[in-house]
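Below is one structure, written out as structure tokens; the observations come after it.
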Amino acid sequence: MQPVRCALAGHGMIGREHARILAAHPLADLAVICDTDPAAASGVPAGTRFTVDLDEALDTAGLDALWVCTPQQVHLPVVEAGMIRGLHVFCEKPFASSLGDADRMMELHESTTGSLVIGHTLRFDPNYVAVHQAVADGKLGEVVHVSARWNAPDYEGRIISGRTTVPQEMAIHDLDVMRWLVGDIERVYAEAAQQRVVGPGPDAAVATVRFASGAVGALDHNWILPFDSGLRSDHRLAVFGTRGSAYVETRDSPAVVFSADGLEHIHSGYYSYPNGVPYGALPSEDAFFLGRVRDGRPWPLALADARAALVAALAMDRSIEEGRPVDIAEFDG
Ligand SMILES: NC(=O)c1ccc[n+]([C@@H]2O[C@H](COP(=O)([O-])OP(=O)(O)OC[C@H]3O[C@@H](n4cnc5c(N)ncnc54)[C@H](O)[C@@H]3O)[C@@H](O)[C@H]2O)c1
């Protein structure tokens with residue numbers, strides 16, 4: 001198969017991982033990386049050009065695809081620049097920082113020759129996919145209750161606190177998973193801890209969720225795990241139905257190292273590079289997108305569902321601000 005000629009915008013925390021994955025993937029030709037910060041030129045894979053000028057990057061001859069890894073406040077202009085050039089665009093979650101931006105991106109998907117998908121990585125995590133399959137196959141019966149957690153290390157919180165919120169950055173992953181498993185969300189009620197552990201914004205958010213089906217959900221998320229403690233990530237999903245229950249628990253990684261430096265959990269399942277070969281949910285997502293560019297396979301997350309996850313995250317933020325339960329209908333009438 002002809003390699004997909006790729007550009008990537010935003011060579012920051014997650015953009016660097018996508019770049020590393022693409023540079024090692026036989027179906028990808030990572031031609032150019034753009035970041036408005038010249039310092040982001042460090043660590044660009046060998047053979048890939050770096051520029052601070054987005055238009056210049058996207059005018060690279062023969063491009064097929066664009067990875068958008070900029071902060072969500074600047075998803076729209078970067079996505080638009082790719083879409084009007086007819087590129088296949090992969091945009092990191094969350095869809096955008098506002099519904100107006102998300103709606104404009106959906107219009108571009110309809111009106112340009114380009115195409116757009118939003119990356120919600122848990123849709124490519126084999127553990128979450130297996131639980132979804134069990135629910136879809138009816139093995140759990142009717143889902144009554146679901147709970148989810150994703151806590152991140154404090155160094156990530158320091159980068160993004162104040163720029164975004166725990167609901168829009170972290171809880172949105174699990175809001176999407178919950179909608180995938182249980183269906184539409186009707187109402188959320190959230191509280192946040194504002195102890196300024198890593199920055200100006202709230203450090204943790206918890207919420208209850210009511211689904212249209214009558215089921216209920218619980219979310220808890222933070223970005224304060226002390227990096228020095230050795231624990232880098234803490235995911236959990238539990239689903240309870242009338243005929244069974246299902247769980248994903250990834251706090252305790254299968255690989256653990258004990259040394260004079262203390263105990264270290266090797267966080268291998270999201271992205272790692274055993275023998276130089278990308279492995280994990282993020283590489284699976286990228287490989288799926290590369291395949292889609294060549295054969296048009298359907299992306300497992302409709303734009304309307306990525307938008308609905310954003311609405312639920314914005315509803316959590318409104319609930320935190322106003323101290324009351326928020327109906328999803330407040331956002332779309
Ligand atoms: N899928 C996941 O698990 C996951 C994990 C982390 C972040 N994300 C998402 O990825 C996106 C980026 O987050 P991050 O943590 O990597 O941010 P980051 O701040 O580490 O990196 C963003 C980079 O974009 C650059 N940038 C800003 N404006 C630009 C522009 N107009 N053109 C080109 N480059 C520009 C910045 O200079 C920076 O280097 C966010 O939407 C975030 O929610 C997803």
Side-chain angles (χ1 to χ4, degrees), residues 7-21 32-44 49-58 66-82 89-98 101-102 105 116-125 128 148 150-177 198-199 201 221 223 232-235 250 267 269-272 278 280-286 288-289 300-301 306 309-310 313-314:
L8 182 146
H11 196 227
M13 188 162 56
I14 204 69
R16 284 172 184 276
E17 297 305 333
H18 285 295
R20 196 172 166 193
I21 291 162
V32 62
I33 290 177
C34 168
D35 196 298
T36 45
D37 180 357
S42 74
V44 165
R49 197 162 61 81
F50 177 85
T51 174
V52 294
D53 183 331
L54 182 65
D55 287 324
E56 191 222 314
L58 298 186
L66 168 66
W67 265 250
V68 179
C69 305
T70 52
Q72 49 266 41
Q73 291 80 0
V74 279
H75 282 179
L76 171 59
V78 182
V79 165
E80 185 162 20
V89 177
F90 168 95
C91 178
E92 263 295 351
K93 54 55 66 178
F95 204 141
S97 58
S98 73
D101 281 10
M105 287 156 69
L116 173 66
V117 303
I118 306 300
H120 271 261
T121 321
L122 293 179
R123 294 258 186 163
F124 294 88
D125 182 314
Y128 285 73
W150 185 343
N151 297 322
D154 54 3
Y155 82 87
E156 287 189 22
R158 285 195 187 93
I159 294 172
I160 52 188
S161 177
R163 170 174 108 190
T164 179
T165 64
V166 172
Q168 290 179 52
E169 190 68 26
M170 304 295 304
I172 195 163
H173 286 282
D174 287 309
L175 289 163
D176 175 53
V177 166
V198 297
H221 294 79
W223 50 41
R232 306 286 155 81
S233 183
D234 173 26
H235 296 225
T250 58
H267 183 42
Y270 206 58
Y271 46 79
S272 58
L282 202 70
S284 290
E285 185 177 52
D286 285 340
F288 194 101
F289 186 67
L301 172 68
L310 175 61
L314 294 171

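Order of listing sets the numbers, starting from 1, for every ligand and every atom in it. Counting from 1, the numbers follow the sequence of the chain as shown.
The immediate protein surroundings of ligand 1, defined as residues with any heavy atom under 4.0 Å of it, consist of Gly10, His11, Gly12, Met13, Ile14, Cys34, Asp35, Thr36, Asp37, Cys69, Thr70, Pro71, Gln72, Val74, His75, Glu92, Lys93, Pro94, Thr121, Arg163, Glu169, His173, Tyr270.
Every ring pair (Phe, Tyr, Trp, His ring centres under 6.0 Å) that His173 has, sequence neighbours left out, goes to Trp150. Qualifying side chain to side chain contact (heavy atoms under 4.5 Å, CB included) partners for Cys91, counting only residues two or more places apart in sequence or in other chains: Val68, His75, Val79, Met105, Leu116, Ile118. Residues meeting the side chain to side chain contact (heavy atoms under 4.5 Å, CB included) test with Thr36, sequence neighbours left out: none.
Taking CD1 of Ile33 as the start and CZ of Arg49 as the end, the distance is 11.0 Å to the nearest 0.5 Å. Leu122 contributes atom CG, which lies 11.0 Å from atom CG of Leu301 (distance to the nearest 0.5 angstrom). One distance of note links CE of Met13 with OH of Tyr155; it measures 6.0 Å at 0.5 Å rounding.
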